[in-house]
Amino acid sequence: MSTVHISNHPLIRHKVTMMRDFKTEPKKFRELIREVALLLAYEATADLALQDKVVTTPLAQTRGAELKEVVGLVPVLRAGLGMVEGFWEMMPAAEVWHIGLYRDHKTLEPIQYYNRLPVAPTVDVCIILDPMLATGGSATATAQILKDWGAKKIKYVGIIAAPEGIKRLQTAHPDVEIYLAAIDDHLNENAYIVPGLGDAGDRQFGTG
Ligand code: PRP
Ligand code: URA
């Protein structure tokens, strides 16, 4: 079973609390999602492979390191978009491949409406970005899309998860490591995370 990494970093806990507040406006919400993503990027990339690199300082030549693996960021539209900038600031060379999914209101199952992945994988590690892991349907489907594409190493980075979503993702994809800022209590009758932060897409884009 994959490991679930929950960050207890004070900055993340502080910022997620601000995101939860219903009074936080979309502009501030977008800033916070970028900042929390940047902090989670630090945690989710701790095991990336390195290769030696020789560099010349103003004083001498020395052996350093550079990232060996090509990283692909995979934001799930819409809400995952807000997490890209934070990751990109840390890894400007990362490729970004968008997947568009929405939850069907009745069945709650994900419906795919966008996928422009190239024919063959161009990256070594895929990092799925989506702030909310509710029933787990969207994350599970995204991991499957990436595996069908040929992705070998996949990580999932979210902000808030329900226990139900973690269980579904772990059961379907035990090899996908999960990185989160918080695990909440439960899903309500509409499959929203409680206490959660509401609809992460609406809160970023002012569409609620
Ligand atoms: C939200 C969220 C996830 C999904 C999580 O997207 O960003 O993709 O719900 O729910 P699940 O774990 O039950 O699948 P939504 O379908 O609301 O689309 P949006 O981002 O376009 O608003
Ligand atoms: N999607 C969201 O944006 N929020 C939830 O609580 C559940 C799914």
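Note that this is a predicted model, so its numbers are computed, not measured.
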Considering only heavy atoms from C-beta outward, does the side chain of [X] approach that of [Y] to under 4.5 Å?
{"X": "Arg78", "Y": "Asp199", "value": "yes"}
{"X": "His173", "Y": "Thr140", "value": "yes"}
{"X": "Val96", "Y": "Leu73", "value": "yes"}
{"X": "Thr45", "Y": "Met90", "value": "no"}
{"X": "Trp149", "Y": "Pro118", "value": "yes"}
{"X": "Leu50", "Y": "Leu67", "value": "yes"}
{"X": "Met19", "Y": "Ile160", "value": "no"}
{"X": "Glu85", "Y": "Ile33", "value": "no"}

Which heavy atom in [X] sits nearest to a heavy atom in [Y], and how many Å separate them?
{"X": "Pro131", "Y": "Met83", "value": "N-SD, 3.6 Å"}
{"X": "Ala181", "Y": "Ile6", "value": "O-CG2, 3.9 Å"}
{"X": "Gly206", "Y": "Pro26", "value": "CA-CG, 4.0 Å"}
{"X": "Ala191", "Y": "Ala134", "value": "O-CB, 3.7 Å"}
{"X": "Ala79", "Y": "Gly201", "value": "CB-N, 3.8 Å"}
{"X": "Val176", "Y": "Ala143", "value": "CG2-CB, 4.4 Å"}

Linking I/L/V/M/F/W/Y whenever their side-chain heavy atoms sit closer than 4.5 Å, directly or via other members, would [X] and [Y] fall into one cluster?
{"X": "Leu32", "Y": "Leu40", "answer": "yes"}
{"X": "Ile183", "Y": "Ile178", "answer": "yes"}
{"X": "Leu133", "Y": "Ile193", "answer": "no"}
{"X": "Val16", "Y": "Val4", "answer": "no"}
{"X": "Leu169", "Y": "Val125", "answer": "no"}

Heavy-atom donor-acceptor pair, [X] side chain to [Y] backbone, under 3.5 Å:
{"X": "Gln112", "Y": "Ile99", "answer": "no"}
{"X": "Tyr156", "Y": "Asp130", "answer": "yes"}
{"X": "Lys155", "Y": "Ala44", "answer": "yes"}
{"X": "Asn115", "Y": "Leu117", "answer": "yes"}
{"X": "Glu69", "Y": "Asp124", "answer": "no"}
{"X": "Arg203", "Y": "Leu197", "answer": "yes"}
{"X": "Ser7", "Y": "His9", "answer": "yes"}
{"X": "Arg63", "Y": "Lys53", "answer": "no"}
{"X": "Arg30", "Y": "Gln204", "answer": "yes"}

#### Entry: Electrostatic pair Glu164:Lys167 at N-O distance under 4.0 angstrom
no

### Task
Before accepting this row, confirm whether a basic side-chain N of the pair Lys28/Asp21 lies closer than 4.0 Å to the acidic partner's carboxylate O.
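Here Lys28 does not pair with Asp21 in a salt bridge, since their nearest N and O are not under 4.0 Å apart.
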
### Query
Could you go step by step and tell me if Val157 and Phe87 meet the side-chain contact (heavy atoms from CB on, under 4.5 Å) rule?
CA-CA 10 Å; Val157 180; Phe87 268 76; 3.9 Å; yes

How long is the gap from [atom1] on [X] to [atom2] on [Y], to the nearest 0.5 Å?
{"X": "Asp184", "Y": "Met132", "atom1": "CG", "atom2": "CE", "result": "7.5 Å"}
{"X": "Ile12", "Y": "Thr17", "atom1": "CD1", "atom2": "OG1", "result": "11.5 Å"}
{"X": "Gln144", "Y": "Thr142", "atom1": "CD", "atom2": "OG1", "result": "10.5 Å"}
{"X": "Glu35", "Y": "Glu89", "atom1": "CD", "atom2": "CD", "result": "9.0 Å"}
{"X": "Thr122", "Y": "Glu95", "atom1": "OG1", "atom2": "CD", "result": "3.5 Å"}
{"X": "Leu129", "Y": "Trp88", "atom1": "CG", "atom2": "CH2", "result": "11.5 Å"}

More than 12 heavy atoms of other residues, nucleotides or ligands under 6.0 Å from [atom1] of [X]: yes or no?
{"X": "Tyr113", "atom1": "OH", "result": "yes"}
{"X": "Gln61", "atom1": "CD", "result": "yes"}
{"X": "His14", "atom1": "NE2", "result": "no"}

### Task
Report the residue from Lys153, Gln170, Lys147 that forms a side-chain hydrogen bond (donor to acceptor under 3.5 Å, both in side chains) with Asp175.
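The passing option is Lys147.
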
### Message
Does Arg103 qualify as a cation-pi partner of Tyr192, given the criterion of NZ or CZ under 6.0 Å from the six-membered ring centre and within 45 degrees of its axis?
### Response
yes

### Query
Parallel, tilted or perpendicular: which describes the rings of Tyr114 and His98, with under 30° parallel and over 60° perpendicular?
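Rings of Tyr114 and His98: perpendicular, over 60°.
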
### Task
Check step by step if side-chain contact (heavy atoms from CB on, under 4.5 Å) holds for Glu177 and Asp47.
CA-CA 11 Å; Glu177 297 274 296; Asp47 64 348; 5.7 Å; no

### Task
Begin from the C-alpha positions of Arg116 and Trp97 and carry the test side-chain contact (heavy atoms from CB on, under 4.5 Å) through to its verdict.
CA-CA 7 Å; Arg116 285 282 304 269; Trp97 297 105; 5.5 Å; no

